[in-house]
Amino acid sequence: MNLPKNYEPSQYEKDIYQLWEQSGAFEAKGKGEPFSMVMPPPNANANLHIGHALMFSIQDVLARYYRLQDRDVAWIPGADHAGFETQVVYEKHLAKEGKSRFDYSRQELYDGIYSFVQDNKQGFYDIFRTLGSSCDWSKFAFTLDDKVVNTAYETFKRLWNDGLVYRGERLVNFCTFHGTAFADIEVEYKDEPGKMYFIKFPLVSEGDDLSEDFVLIATTRPETMLGDVAVAVHPDDESLKHLIGRQVALPLTERHISIVADEMVDTSFGTGAVKITPAHDPNDFEVARRHDLPLVQVITEYGLLGLEAPARYHDLTIDEGRKRIVDELEELGLLEKIEEHSHRVGHCYKCGTIIQPLVRDQWFIDMKTLAKPAIEALRADKVRFYPTAKRDQVITYLENVKDWNISRQIVWGVSIPAFQNTEDIDDWIFDDRVDQETIQVDGKTYRRDPDVFDTWFTSGQWPFVTTGYPKGDDFSKYYPNSVMETGVDILYQWVARMIVLGIYVTGEIPFRDVYLHGMVRAEDGKKMSKSLGNVIDPNEILATHGSDALRMGMLAGRSAGYSAAFAPSKVDAGRNFCNKVWNIARYIEGVIGDDYHARKSSKFVSLADHWIVTRLNHAIESVSNDIEGYMFAEAYETVYHTIWDDFAGWYLEANKVEPNYSVLAYGLEVILKLAHPFMPFTTETIWQTLKWENDSMLAVAHWPKVLKCDADRADSFEDIKCIVSEVRAVAKNLGISKPILQYQASDLIESNLEQIKKLANLESATVVGEISGIRLSKTNQVASVFVTEEVAKGYLGKLEQRQTEEVLSVERLRARLGNKSYVDNAPQALVAETKQQLTDAERRLEQITTEIDSFTA
RNA sequence: GGGCGAUUAGCUCAGCUGGCUAGAGCGCUUCAUUGACGUUGAAGAGGUCGGGGAUUCGAAUUCCUCAUCGCCCACCA
């Protein structure tokens, strides 16, 4: 025997993956109907975490299933340089050595990160291989590869030429700790308790004198008043509109500022008068543009007061500055009051630093224009979403989308191919000679923009970049992708932008289906986080349970878009299932030995043969439908029960009585194929160990086809199962270990006597004229478990319970059929079924009642 | 403030377009026992599907409403 007693994943997984990879099993065939999918590229410096396990499991089920279906599967793997994320990790690494990014030149820092990523490469590749991902390594792409960068440059150039990318001085979300700007969706907002300060701004009278009167304004950030350029009131505000056009003296500064009218003011909030700080508040920025007001910057990129703020405040932190200003206002008698106030504050999603809106000159993509065709395509249902509701969320997002700031002030990334005239700051040109700091064009010197692209700008082009847009076989074959499988958390960052950029660049949607998985929560249902200490390490699970068990544990009972808790018990179940399959194979190996050619013929003889074929047929179809409909948990459940209950539980036992090697072999082949997408390592290990066919691999075998068999004979086996189950139950209930069966002449029982004896563990079975003991009530055959009358009476309680159940059942069915509307309106087939059920239930009730009467008589 | 989702067995969760006595895994109870597997086998207990209402012959499933939890979005200074 080649198969040892227990399946030990760690002994096989590495070799099996190598076998697959080296044989080129995962490479796209280039022929047949394509099934294409690009992998959301993990961070190049990432280590395996539980989220990968879910993502790769789902995608690999799809890839393996469609490969067995003989589709031309192109699952394209990749790695993301993950600009900001990676730089943050690297900076933490530097911090451990007591260094920071300021200790290095730009190039040194870039090189440092580059080798850091290289050093972590193995961990990265392990993710794919340990999880068994059947991706096509020959198509691997890294976001810093030349072809990716060049395509990104082409896209940027085209946007530039089309006037859809512009450079502008805007308010950006700036992390003063990391020293870079973010896109709007990257900012994490939290409701936080704060204070509302009510400050008096003295009105300036006609002759520039200060009057006794003042305007009361409310603010949560008093320190920003140093950068105020106006006070705004609503044009229709009866109590304040008379002040429009007048001036106030901005306390603590020498400046006088005007009172302007703007509809943005909400008269019901605060005092109805709003201080306008255009350089540090996005709304105020808009107001300032409308009223042509200047920008007065008072907060630096380091989060300190400075720039145009009065010199005495320079270099104070925001908090220090706020305290000092509040104190000074108090002294001047200009602070009316302070109230508690809860408000939303933006934070850096990495370090938690409060995001400062700062004025920066950066590159923006005109998303409003670009989103239009994307919204149309989505409305026309050109992309199907799973779960479906996410489509509308993307539409809503795109309808309200703001321009996308793609400049990042970090070094780890793709340099922006734009150069600025050293003599004329408004003169920018496109040029992809980014390896040079300065270039000469037309006798003028241009300096490269030091910024890099937002990572999502490159990964947003992934579906067409990885398929070799604009030319190439892969692009014509694999674009649009069949499906995009990714996490709900990056619906806007990634999915929406891929749709937008894909349509803009190629004129086509990037993928036909989008399947979104939820997050893996911790066992307690909470978000996993290092600070809560509830992070699950997949490596431990892999070591003890193996990859297949983890995969199945991730998929079981999970539905699209839903964030479910990690359940270790499901991984246990997965491991047990692997062992079950292993032992099924082990048993069959023991029985049929080397006669694997048995599987070449399929002769169905016994009732059980026909029955198991119908069960396998059902599974083949139902698993196909479920996987194609992205219902992975359902597909898995069918595989699990077909194999465990039907094949191992019933069929193998029946086969021991009526051996049929060809069906054993056929059945094993089918179950290995059915299970392969879910447990690739175990099934392939079995396939290889059995030397199923010379040099063949399960990974590139063919999905089983439904076979013809006799449905009536299959049904007869159902009846045998029914008899066996009831005998077992009755015997169990009475504590009989070897029951005796009595039956009235029956072809079914007679011709399957050995089978029933074995399955029900009978002592003996005899044909009698009149049965005695406990009558079997669920089968149409007349049979009983023979016991003395005394023992039978002990069963009375159980019988009465059964009687009650049947009475209820009969009543319910009669009521249903007595309902004229039901009989008239329900489908005929359903009504007929109900009638049959009633007949059966009535018969059973009669039997039970007769039996009870016989005991009590 | 808006939008979305969740609420089903002790726990973690399925249940597609309304139609058998609502399912799974784990856990629990009882029993079996050593030749495929104790990572096993057999039998079983356990749920008025969050509350209320509506539509329908029929609702876990559709609609309304309330409650609780969660997520996303939003410029309330």
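Numbered from 1 within each chain, the chains take letters A, B, ... in sequence-line order. No experiment lies behind these values; they were computed from the predicted model shown.
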Inter-nucleotide [atom1] distance ([N], [M]), Å rounded:
N       : M       : atom1 : result
rA6(B)  : rC16(B) : P     : 11 Å
rG50(B) : rC31(B) : C1'   : 38 Å
rG15(B) : rC57(B) : C1'   : 23 Å
rU62(B) : rG1(B)  : P     : 27 Å
rC37(B) : rA42(B) : P     : 15 Å
rG25(B) : rC64(B) : C1'   : 36 Å
rA22(B) : rU48(B) : P     : 12 Å
rC63(B) : rG18(B) : C1'   : 13 Å

Rounding to a whole Å, what distance do you find between [X]:[atom1] and [N]:[atom2]?
X       : N       : atom1 : atom2 : value
F577(A) : rU39(B) : CZ    : C1'   : 13 Å
L664(A) : rA36(B) : CG    : P     : 13 Å
E806(A) : rC20(B) : CD    : C1'   : 13 Å
R844(A) : rU21(B) : CZ    : C1'   : 10 Å
E805(A) : rU21(B) : CD    : C1'   : 9 Å
E589(A) : rA36(B) : CD    : C1'   : 10 Å
D645(A) : rG25(B) : CG    : P     : 8 Å
L830(A) : rG18(B) : CG    : P     : 14 Å

| task | Quick one, give me the B/S/- string for nucleotides 53-62 of chain B, reading 5' to 3', where B means a protein heavy atom under 4.0 Å from the base and S means that only happens at the primed atoms, P, OP1 or OP2. | result | ----B-----
| request: Any chance you could list the contact pattern along nucleotides 68-77 of chain B? Use B for base contacts, S for sugar-phosphate-only contacts and - for none, protein heavy atoms under 4.0 Å, 5' to 3'. | output: --S-SSBBBB
Regarding [N], can its base be found pairing with the side chain of [X] as donor and acceptor, where the two atoms are less than 3.5 Å apart?
X       : N       : value
E726(A) : rA43(B) : no
K5(A)   : rC37(B) : no
K580(A) : rC37(B) : yes

Of all the choices, [options], which nucleotide is nearest to the side chain of [X] once you look at every atom?
X       : options                   : result
K732(A) : rC37(B), rA42(B), rA14(B) : rA42(B)
E653(A) : rA36(B), rU12(B), rC37(B) : rA36(B)
R586(A) : rU40(B), rU12(B), rC37(B) : rC37(B)
A389(A) : rU12(B), rU39(B), rG5(B)  : rG5(B)

With sequence neighbours left out, what residues match [X] under salt bridge (charged side-chain N to carboxylate O under 4.0 Å, His left out)?
X       : result
D262(A) : R290(A)
K758(A) : E653(A)
R221(A) : E223(A)
R558(A) : none

| query | Is the number of heavy atoms from other residues, nucleotides or ligands under 6.0 Å of K368(A) NZ greater than 12? | reply | yes
| Heavy-atom neighbours of K656(A) NZ exceed 12 at 6.0 Å |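 Correct, the count exceeds 12.
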| query | So, do F577(A) and W582(A) have ring centers that fall under 6.0 Å from each other? | reply | no
| field | Residue pairs involving residues 272-287 of chain A (criterion side chain to side chain donor-acceptor pair (under 3.5 Å); sequence neighbours excluded) | value | T224(A)-K275(A), D228(A)-K275(A), D228(A)-T277(A), K275(A)-T277(A)
Would you mind classifying the nucleic acid contact of [X] as base, sugar-phosphate or nothing, using non-hydrogen atoms under 4.0 angstrom?
X       : value
R728(A) : sugar-phosphate
L808(A) : nothing
E399(A) : nothing
S809(A) : nothing
A648(A) : base

Distance-only side-chain donor-acceptor flag, [X] / [Y], under 3.5 Å:
X       : Y       : value
N583(A) : Y7(A)   : no
E726(A) : S777(A) : yes
K738(A) : N761(A) : yes
Q836(A) : D840(A) : yes
T267(A) : D237(A) : no

| Taking 4.0 angstrom as the limit, do R814(A) and E842(A) come out as a salt bridge? |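 Counted as a salt bridge, because a side-chain N and a carboxylate O are separated by less than 4.0 Å.
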| query | Do the charged groups of E339(A) and K337(A) touch, with an N to O distance under 4.0 Å? | reply | yes
Hey, what are the protein-to-nucleotides 6-11 of chain B N/O distances that come in under 3.5 Å?
none

| field | Contact under 4.0 Å: W644(A) side-chain N or O vs rG41(B) OP1/OP2 | value |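 Yes, such a contact exists.
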| said: Please list, in numerical order, the residues of residues 630-640 of chain A that have a heavy atom closer than 4.0 Å to any atom of RNA chain B. | reply: E634(A), E637(A), Y640(A)
| request: Report the residue (R575(A) or L813(A)) whose heavy-atom-nearest nucleotide on RNA chain B is the more 5′ of the two. | output: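 Of the two residues, L813(A) wins.
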| said: Just to verify, what does Y492(A) make a ring-ring contact (aromatic ring centres under 6.0 Å, His included) with, not counting sequence neighbours? | reply: Y397(A)
| query | Where each pair must be Watson-Crick or G-U wobble with both distances under 3.5 Å, what dot-bracket representation of RNA chain B is obtained, with crossing pairs in [ ] and other-strand partners as |? | reply | (((((((..((((.....[...)))).(((((.......))))).....(((((..]....))))))))))))....
Side chains of residues 182-191 of chain A: which donor-acceptor pairs under 3.5 Å do they make with residues two or more places apart or in other chains?
unit_1	atom_1	unit_2	atom_2	d
D184(A)	OD1	N173(A)	ND2	3.1
E186(A)	OE1	A183(A)	N	2.8
E186(A)	OE1	R408(A)	NH2	3.0

| Taking all non-hydrogen atoms of both residues, which atom of V326(A) and which atom of P222(A) are closest, and how far apart? |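 So the two residues come closest at CG2-CG, 3.8 Å.
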| message | Under the side-chain hydrogen bond (donor to acceptor under 3.5 Å, both in side chains) test against E192(A), which residue among H341(A), R344(A), H347(A), H343(A) passes? | response |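 Answer to the side-chain hydrogen bond (donor to acceptor under 3.5 Å, both in side chains) test with E192(A) among H341(A), R344(A), H347(A), H343(A): H347(A).
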